[in-house]
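No experiment lies behind these values; they were computed from the predicted model shown. Letters A, B, ... are given to chains in the order of the sequence lines, protein chains preceding strands, and every chain is numbered from 1.
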Protein chains: 2
Amino acid sequence: MKLDSRKLQILQAIINDYIITAEPVGSRTVARKYELGISSATIRNEMSDLEEMGFLEQPHTSAGRVPSDKAYRLYVDRLMQVKSLGEQEADYIKEFYEHKILQLEQIIFTTAKVLSDITNYTSIAIAPQLSRVTIGHIQLVPVDREFALLVIVTSSGILKDTLIQIPQGINGDFLNKVSGILTEHFQNKTFSEIDMVDLSAIKREFLENQKFFNSLVDVLTDSFRRSQKQEVYLGGTTNIFNFPEYQDILRARSFLNLLEEKDLLYQILASPQDEGVKVSIGTENLQEELRDCSIVTATYSLGNRVLGTIGVIGPTRMEYSRAVSVMDYMGKALSRYLTQLYGA
Amino acid sequence: MKLDSRKLQILQAIINDYIITAEPVGSRTVARKYELGISSATIRNEMSDLEEMGFLEQPHTSAGRVPSDKAYRLYVDRLMQVKSLGEQEADYIKEFYEHKILQLEQIIFTTAKVLSDITNYTSIAIAPQLSRVTIGHIQLVPVDREFALLVIVTSSGILKDTLIQIPQGINGDFLNKVSGILTEHFQNKTFSEIDMVDLSAIKREFLENQKFFNSLVDVLTDSFRRSQKQEVYLGGTTNIFNFPEYQDILRARSFLNLLEEKDLLYQILASPQDEGVKVSIGTENLQEELRDCSIVTATYSLGNRVLGTIGVIGPTRMEYSRAVSVMDYMGKALSRYLTQLYGA
DNA sequence: TGTTAGCACTCTCTTATAATGAGTGCTAAA
DNA sequence: TTTAGCACTCATTATAAGAGAGTGCTAACA
């Protein structure tokens, strides 16, 4: 069977209607609301065809039709018109990036908040994936006689810090010296390359403090390992209650449980992906828990290096055109802001 | 009317039953399940009295009775027996504090998780309130030619770091010198005392870099101001769905919305309070949003200085005795751990 | 005088049944 | 090929009837 232009028109009408109403769409509704110049009976026939082709589904015999994931995919790829963001909304976003926030985590967190505010969906964002970033500088900062702070500064200004215990009788100058040694050996390595650093070479420089050296290496490795597991930021978690499909307490609960599984969310966002906006619809998601959600994600970059991903998550009946335009704008705005802050 | 021992017995039976079943308790149930040696008719009379005295409420004429907030208060103050924590649970908690976590935020976060795990309520925790803590050390760590990291280390090992822009042509040695100057002037001040620092005295030491000095002061003040607004950590946010009183989507929603209001939660936890466990029941809470919840909080300390608060929040029909014993144990365990880590 | 059995009454919750209405698929005519 | 007409399906809503839990009151009892 061929998907002629009339079928497409009808499909589009049904999708549009369903996105707005969340109610199964009947032939009469299509005939009345979307004046296609054909009768409901004709539409009925076409709808029957569309169902056979897998674009529509019927909750039960005497209900209207609901778009399938396949239909949404077609819609996203061919049918929808992505309008660029309205001026008001663009201004709203810009405003947030004008209060020079300098802490990266704060930036990402704010981005998530803004996203959920303007889309009314739940938003997710991950901080830069350090594996793609190089180490710039390592510095031990004395805290008191017993502790020092190990600060790792990366090429994109992102840092991790850990408190470590230092042996007695070590002074600030010595810590500076150690910092120098570590920096020298780790500088310009990416986080995934650190295994290649020749530890024995560093070891030789720690003449008498072998024990301290060992604990330092432990902390460093641990810090590197832990840094792989990045923080996930959420915005508008309770927005899900706005959607009629989540009035059911069980569904709402399982959605919110999903949001608590930070590891899973991280996996979803961190999966290697090309630059730009990506839409993942319902069953297209690999994760069982997401089979009736859609996710629209966008990457953000520093210069031309992709650093991380932001996204919104909602029911498959999502306002894709709007979501895509917001995500597109937001990804670019964030990249621009980061590049401006930290340089390319 | 007098609250004689029989009335207390009946009230206790009703509260116990209601805490378990969440169903209004009838006179027959009390007579059958709690063998008090009196008939349901007598109990009925007593219940009628208890209602008149404000300890019981009736959802509707032909339903059983439900304890009022006043009854819970009486229960908490006089009736309930707080058993000390079971060995298993105590071990479970101890285990978490055995993996030497050194980052304070991580500790508090983990504490919240453990709390919600073992109580099945939603838990809240706030990180130490810095206003009660003194500044130990200020250090500028170079990041690249353009940026440096300003690290503030406090007496309890807690730190705040901010990225700041540095003027061109400034090297590491100079940053070290600046760090020294700042440390010298701010050391041993509490965060609320920083206004008393004589800025002009420092200014004199920055001979040629007045502009840098100004931006430094800006960042410092900002950082101090921001540090007043502490992070709130949550655990088990979806636990609320376990309770029949939150099967209603509207109630669940408003509860979850409450949890998103970090400022409000902070306010609740940060309100000055004595050391130890505190129970706040339903309408006793000042916040409108909490009028049908109860909160059990405990403080944690470093040495003998109260640093912050942890708590669990649930329906007024809460297992107070258990909640109190868990919170008591947890607050002490956390204090002990912190003291061990950072000294008194 | 306090306690208890008995009973009518109230009110919610459950279940059964009927009515409504949106929507479909099929048929036959245009 | 399109469309009007109509019988049929099925979820949803409305209505009614019971069932059940619990109370308050009364009167008898120790």
Side-chain angles (χ1 to χ4, degrees), chain A residues 1-11 13-15 17-18 20-68 244-245 247-248 251, chain B residues 1-11 13-18 20-68 244-245 247-248:
Chain A
M1 211 174 313
K2 253 204 72 187
L3 202 56
D4 58 28
S5 92
R6 192 172 69 181
K7 282 194 172 58
L8 281 177
Q9 267 190 310
I10 293 172
L11 187 58
I14 293 172
I15 295 175
D17 207 74
Y18 189 68
I20 297 169
T21 64
E23 295 290 335
V25 185
S27 55
R28 235 176 78 85
T29 311
V30 177
R32 253 185 309 138
K33 273 170 75 174
Y34 306 82
E35 298 170 7
L36 306 178
I38 43 180
S39 76
S40 72
T42 311
I43 292 171
R44 217 146 43 228
N45 290 331
E46 296 286 40
M47 279 166 81
S48 181
D49 290 353
L50 285 167
E51 182 171 359
E52 205 177 314
M53 293 162 84
F55 291 109
L56 293 178
E57 281 159 9
Q58 232 176 342
H60 56 87
T61 345
S62 70
R65 256 97 170 186
V66 165
S68 67
E245 40 268 81
Q247 290 310 87
D248 176 38
R251 287 193 65 168
Chain B
M1 211 174 311
K2 251 203 72 187
L3 202 56
D4 57 28
S5 92
R6 192 171 70 181
K7 281 195 173 59
L8 280 178
Q9 268 190 310
I10 293 173
L11 186 58
I14 293 173
I15 294 175
N16 282 335
D17 206 75
Y18 188 68
I20 298 169
T21 64
E23 296 289 336
V25 185
S27 56
R28 234 176 78 86
T29 310
V30 177
R32 252 184 309 139
K33 275 171 75 173
Y34 305 82
E35 298 172 8
L36 306 178
I38 43 180
S39 76
S40 69
T42 312
I43 293 171
R44 225 156 25 236
N45 290 331
E46 296 286 39
M47 280 166 80
S48 181
D49 290 353
L50 284 167
E51 182 171 359
E52 205 178 315
M53 294 163 84
F55 292 109
L56 294 178
E57 282 159 8
Q58 231 176 342
H60 56 88
T61 348
S62 70
R65 256 99 170 185
V66 164
S68 67
E245 40 268 81
Q247 290 308 89
D248 176 39

Who are the salt bridge (Lys or Arg N to Asp or Glu O under 4.0 Å) partners of B:Glu245, not counting sequence neighbours? B:Arg317
Find out whether B:Met47 and B:Ile10 are in side-chain contact, i.e. whether some heavy atom of one side chain is under 4.5 Å from a heavy atom of the other. yes
Are the side chains of B:Thr29 and B:Ile14 in touch, meaning some heavy atoms are under 4.5 Å apart? no
Base, sugar-phosphate or nothing for A:Arg65? Non-hydrogen atoms, less than 4.0 Å. sugar-phosphate
Close residues, residues 35-50 of chain B, relative to DNA chain D [heavy-atom separation under 4.0 Å]: B:Arg44, B:Met47
Does B:Asp49 reach the side chain of B:Asn45, with side-chain heavy atoms less than 4.5 Å apart? no
For B:Tyr34 and B:Asn16, test the side chains for any donor-to-acceptor distance below 3.5 angstrom and give the result as yes or no. no
Going 5' to 3' along DNA chain C, which nucleotides are the first and last within contact of chain A (any atom under 4.0 Å from a heavy atom)? C:dA22 to C:dG25
What I'd like to find out is whether the side chain of A:Asp17 reaches to under 4.5 Å of the side chain of A:Val30, using heavy atoms alone. no
Separation of D:dT3 P from A:Arg28 CZ (nearest whole Å): 15 Å
Going by the rule side-chain contact (heavy atoms from CB on, under 4.5 Å), which residues pair with A:Ser39 if we only count those two or more places apart in sequence or in a different chain? A:Ala41, A:Thr42
May I ask you to decide if B:Ala31's main-chain N or O and B:Ser40's side chain share a donor-acceptor pair within less than 3.5 Å? no
Taking the side chain as every heavy atom from C-beta outward, state whether A:Leu50 and A:Lys7 have any atom pair closer than 4.5 Å. yes
Atom pairs under 3.5 Å, N or O on each side, protein against nucleotides 26-28 of chain D: can you list them with distances?
none

Which heavy atom in A:Ser48 sits nearest to a heavy atom in A:Arg65, and how many Å separate them? CA-NH2, 3.7 Å
Are there more than 12 heavy atoms of other residues, nucleotides or ligands under 6.0 Å from atom CZ of A:Arg251? yes
Treating B:Ser68 as the side-chain partner and B:Gly54 as the backbone partner, does any N or O pair qualify as donor plus acceptor under 3.5 Å? yes
Dump every N/O contact between nucleotides 11-16 of chain D and the protein below 3.5 Å, one line per pair.
none

Would you check if A:Glu46 and A:Ile43 make a side-chain contact, meaning some heavy-atom pair closer than 4.5 Å? no
